[in-house]
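First the structure, in the form of C-alpha cells, and then the observations on it.
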4 protein chains.
Amino acid sequence: MCAAAATLRPRKSPVQARSAATIEALHVAAIQVLTREGLSHCTTTRIAARAGTSVGSLYQYYPNRDALLAAVLKKHLDGIAGAVERACSEHRGKPVSLMVSALVTAFLTEKLRDRAKSNALYAVGQELGGAALAARFRKRIDVAVASMLASASDARFDHPATTALIVLGAMVGPVQILLEGRAPAEFGAGLPDELTLLLTAYLQRHRDGRSRGGL
Amino acid sequence: MCAAAATLRPRKSPVQARSAATIEALHVAAIQVLTREGLSHCTTTRIAARAGTSVGSLYQYYPNRDALLAAVLKKHLDGIAGAVERACSEHRGKPVSLMVSALVTAFLTEKLRDRAKSNALYAVGQELGGAALAARFRKRIDVAVASMLASASDARFDHPATTALIVLGAMVGPVQILLEGRAPAEFGAGLPDELTLLLTAYLQRHRDGRSRGGL
Amino acid sequence: MCAAAATLRPRKSPVQARSAATIEALHVAAIQVLTREGLSHCTTTRIAARAGTSVGSLYQYYPNRDALLAAVLKKHLDGIAGAVERACSEHRGKPVSLMVSALVTAFLTEKLRDRAKSNALYAVGQELGGAALAARFRKRIDVAVASMLASASDARFDHPATTALIVLGAMVGPVQILLEGRAPAEFGAGLPDELTLLLTAYLQRHRDGRSRGGL
Amino acid sequence: MCAAAATLRPRKSPVQARSAATIEALHVAAIQVLTREGLSHCTTTRIAARAGTSVGSLYQYYPNRDALLAAVLKKHLDGIAGAVERACSEHRGKPVSLMVSALVTAFLTEKLRDRAKSNALYAVGQELGGAALAARFRKRIDVAVASMLASASDARFDHPATTALIVLGAMVGPVQILLEGRAPAEFGAGLPDELTLLLTAYLQRHRDGRSRGGL
DNA sequence: CATGAATGAGTCTTCATTCAT
DNA sequence: GATGAATGAAGACTCATTCAT
C-alpha cells in the first residue's frame, strides 16, 4: 500500500491552461463512465474518449488508470470531509442535539449532492489502495466529530473517538442503502429525521450513562 | 440486470455426490483466491487450479465466472439473512431491548465469522448484479426485522419497514468500518455494546414518540 | 540480471503433443520474423501470426516476449557450444595444429549452418539478459577449449583459460564480419584457412615462448 | 536501407553557436540515457530532458530519433576510424611488429576510452541501418590497415585487404568479450599483449608463407 | 465427463512525432 | 525559435470461454 502510494500519485501538474482543462475533463469523464458502465468497464480508452481527449493525454497526467480514479475519489472524499469539518467547527460548544442535526445535514447534503457519483466512487474505493484512502479520510472526519463532541455543552464522552466512529458508521450505513437505490421512497424522505433521531438518542443516552440503561 | 439474472444462474444442479464436492471445492477456492489475490486477479483458471480441477469442469457447473461468484456471494448472504431471520423469529413478542441485543449478536457473529471473506465478497457485490442481489437480501432481513419489531411487547412502530431499514443500516455502517480494518482495537471490542446501545436508544425513543423529543 | 533469470524462464513444459508442436512453431517463427523484420519489429503478434497460432498460446509457454527469444537464443548457443565441446573432447592430446583446424571447422560449420539465424540472434543477445546468457555459453566453450589446449601433445600453456578466451574472440570477430554480410566474397572463402593460420601461429608462438619473440 | 539513408541525415547544420551547443548537449544526453536506461528506454523525451531542452528542439535538428542516434554512433565510429587511420599512416613502411603494436594500442585506447559508451552504441548499431554504417567504417579501417600492411618493410601480402579484415576481426572479437564485462580481470590486463602476439604471429607467418606450414 | 490447449478481443501503457501557443 | 501538450498507432499481456482429445 505504501508502494502503491507512490504509483498512485499524479504525474505532473498542469502549467498551461490547456492542461487544467484536460484534467478537469478527465475527471468528469471518469465519473460519467464509472456511473454508466461500472468500474470494470471503466477503461482508460473509454474515459479518454468521453473526455474528448486521447489516452496519451491521460497518461501525461496520471501514471496509470488507478491513479486517475484515486484522484477523482480523493477529490470527492475531500469535499465530504471538508463539509463535515466545517459543520463540526461551527458547532463546537453547542448542545448535542444541534450538533447532530448539523452533522446529519452536512453529511447528507454533500453525499447526496450527486448520488450517482457517490455511488460509483464507492466501488472505486474497494479496489485500489482504496482502503488506505478511505481510512485517511475517515480519520479526518473522525477527528473533527470527536473534537466537536468533546466540546458539547450538555454532555461528556469517555471515548469521543470511538463514539464518533460509531456515529459516522451509523450515518454511512443508511445512506449506503439509500444510494444503492432500491429502498422505498419514504425511506429517503424520512432519512434526515431518522438519522437525527438515531444519533441524538444515542449520544444523549451515552451522556446519561448506560447504567440507567434498561428502559 | 434482468438479462443478467438468467445468465447468472448455475448451470445444473449437483445430482451426484462428486458434483457436490466439486462445487463445494470451487466455492472454497473462489473465496480463497478472492481474499488472497483480489477480485481483479480472481480468474477462472486460478480458481479451478486451487480447487484442484480444471477450467472445463468449472464451466460444467456455471455458465460463466460471474455466475460462480454470484453463487458464492448468494450463499454468504443467505447465511447472514438466515441467522437474522432465526434471531428475529425467536424474539417475537419480546421487549425491544432483548430484540436489539439478539439482533446485534446474530448479525455481528455471522458477519465477523470470517472477516476476510466478508470483505472480499463485498467487492464482488459491487460488480455483478450486486445491487439487485443485495437488495433482495436486504429485503429479506428488512421483512424479518420489521415483523419482529411489530410484535414488540413494549413498543409500537408507525413504519416498521422503514425503521427496520434504519436499524439495518445503522448496524452495517459501523461493521463496514470495522471490516475495512483500520479502526483502533477498542472500536472492535466495544462494537457489540455500542451497537446495542445505539439501536436500543433509537427504538425506545421511537416508541416514546418524537414529540417528547428535545432532551 | 538474477531477477530477470526467473522471469525469462519458460512457463510450463508441454505435456500434450500439441503443445510441443506449438512451441516448435513459435521458435521457427521467432527466427523468421527476427531475420526478416529485425529485432525491433519482432513482436509477439507477428511471431504468433507467422507461427500460425495466437498470442495467447505464446504466453501459455513463455511469460513474456523476451523469454521466448531467450529460449531460441539458448537453443542456438547450445548447438554451438555442443559442437565445440564435441570437437574439443575428440582432440584431446593431439598436437596444436590439429586442434585448431578441428576447432575452426566445428565453429564455422555450426555458426554458418544458418547464417541468417546466427545473425539475427546476435542482436537478440545484446538486449535481454543476453550478456548473462552469452557469458554462460562463452564459459562453457572457454572451459572446453582450455581443457583441450592443456592436453596438447606439443605445447604447454601458462594460462589456458585466458588463451582460450583469446582464441574464441579471434574466431568470433572475423565470423561476425562475415555474417554482417558486406565483406567481399574471397573473405568468406578464405576464412577457414585464415583462421586456422591465425590461431595456429598464435598458439605455436605461445608455445615457443614470447621471449624468443621479435622476429 | 537506402531509403533510410536519406531520412537518417541531420536536418540542418548548426550555423549558430547556440545550435552547436544544443546539438552537443543532445549527443551527450543521448549517450547518457543510452548507457543508463538502455536502448529501448532511450526515448526522445528523455534525451531532450537530460539535454535541458524540449523534444521540439530535438526535432529542429534531427528528422527523427534514429537520425540523432545515428549521428552519435557515427561520431563514435569516426573517432575510432580516425585513430586507426592516424596510427596506420604514421607507421607506413615500418616493420610488421611495430605496425601491430601501434594498431592494437590505438584501437584499444579508443575503444576502451569509454567502455559504457562503446557498449551502448553497439546495440544502436544493430538496429538502425547499423550494418550499413558499420560496414562503411569497417571499410575505412580496412583500407587504412591494408595500405599500411602493403607498405611493410619486412613483409609482402598477397591480399592485404583480406588480411586486414582478418586482423580487424581478430581485434574486435576479444575486445567485444572484454566489453561484455564478464571476463576475468587478468583477461583485460593481458589483452594488449595477447592481441599483439596474436596478430604479429599471424602476419609474420603470412609473410613467411604457409608452405613452411606445419610446425 | 474431465482436461487443458487454443483463442483473440480487449486492457493498459509507451513514445515518436506534430503543432498551437 | 522554443516549448511541451496532444495524438494515436502499436506493443505486451491477460483471461473468459470453447472444444479437441
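Keep in mind that what you see is a predicted model, and the values were worked out from it rather than measured. Throughout, a chain's letter reflects where its sequence line sits, starting with A, and its residues are numbered from 1.
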Legend entry - Counterpart base for E:dA20, defined by Watson-Crick or G-U wobble contacts under 3.5 Å: F:dT3

Inset, instruction - Would you kindly give the OH-to-C1' distance between B:Tyr61 and F:dT17, to the nearest whole Å? - result: 18 Å

Inset, instruction - With C:Lys74 as reference, evaluate C:Asp78, C:Leu77, C:Val72 under the side-chain contact (heavy atoms from CB on, under 4.5 Å) test and give the passing residue. - result: C:Asp78

Legend entry - A:Leu68 CG to E:dT11 P, straight-line distance once rounded to whole Å: 16 Å

Inset, instruction - Check every strand shown and say whether B:Thr43 touches a base, only sugar-phosphate, or nothing at a heavy-atom separation below 4.0 Å. - result: sugar-phosphate

Inset, instruction - Classify the nucleic acid contact of A:Ser40 as base, sugar-phosphate or nothing, counting any heavy atom under 4.0 Å across all strands shown. - result: nothing

Inset, instruction - Specify the separation, in whole Å, of atom CG of A:Asn64 and atom C1' of F:dC13. - result: 16 Å

Inset, instruction - Answer yes or no: does a side-chain N or O of A:Ser54 lie under 4.0 Å from OP1 or OP2 of F:dT7? - result: yes

Legend entry - 5' precedence on DNA chain F between D:Val55 and A:Leu58 (nearest-nucleotide basis): D:Val55

Inset, instruction - Calculate the interatomic distance between A:Arg46 atom CZ and F:dG8 atom P; express it in whole Å. - result: 19 Å

Inset, instruction - Map D:Ser57 and B:Thr45 onto DNA chain F by nearest heavy atom, then report which one ends up closer to the 5' terminus. - result: D:Ser57

Legend entry - Backbone of A:His41 reached by a side-chain donor or acceptor of A:Arg46 within 3.5 Å: yes

Legend entry - Between B:Lys117 and B:His76: side-chain donor-acceptor atoms closer than 3.5 Å: no

Inset, instruction - Provide, to the nearest angstrom, the distance between the CG atom belonging to B:Leu26 and the P atom belonging to E:dT3. - result: 11 Å

Inset, instruction - Decide yes or no on side-chain contact (heavy atoms from CB on, under 4.5 Å) for A:Leu69 and A:Leu39, but give the supporting numbers first. - result: CA-CA 10 Å; A:Leu69 293 182; A:Leu39 177 53; 3.9 Å; yes

Legend entry - E:dT17 phosphate, OP1 or OP2, under 4.0 Å from D:Tyr62 side-chain N/O: no

Inset, instruction - Look at the side chain of D:Thr53 and decide which nucleotide, out of F:dA2, F:dC15, F:dT3, has an atom nearest to it. - result: F:dT3

Inset, instruction - Hey, which sits more toward the 5' end of DNA chain E by its nearest nucleotide, A:Arg65 or D:Asp66? - result: A:Arg65

Inset, instruction - Check whether any side-chain heavy atom of C:Ile47 sits under 4.5 Å from a side-chain heavy atom of C:Thr43, and report yes or no. - result: no

Legend entry - Proximity to the side chain of C:Tyr59 - top-ranked nucleotide from F:dA6, F:dT14, E:dA5: F:dT14

Inset, instruction - Send over the distance from B:His41 NE2 to E:dC12 P, rounded to a whole Å. - result: 12 Å

Inset, instruction - Check whether any side-chain nitrogen or oxygen of A:Gln60 sits under 4.0 Å from OP1 or OP2 of F:dG4, and answer yes or no. - result: no

Legend entry - Under 3.5 Å on both distances, the Watson-Crick or G-U partner of F:dC13: E:dG10

Inset, instruction - In whole angstrom, give the distance that lies between atom CD1 of A:Ile23 and atom P of F:dG4. - result: 16 Å

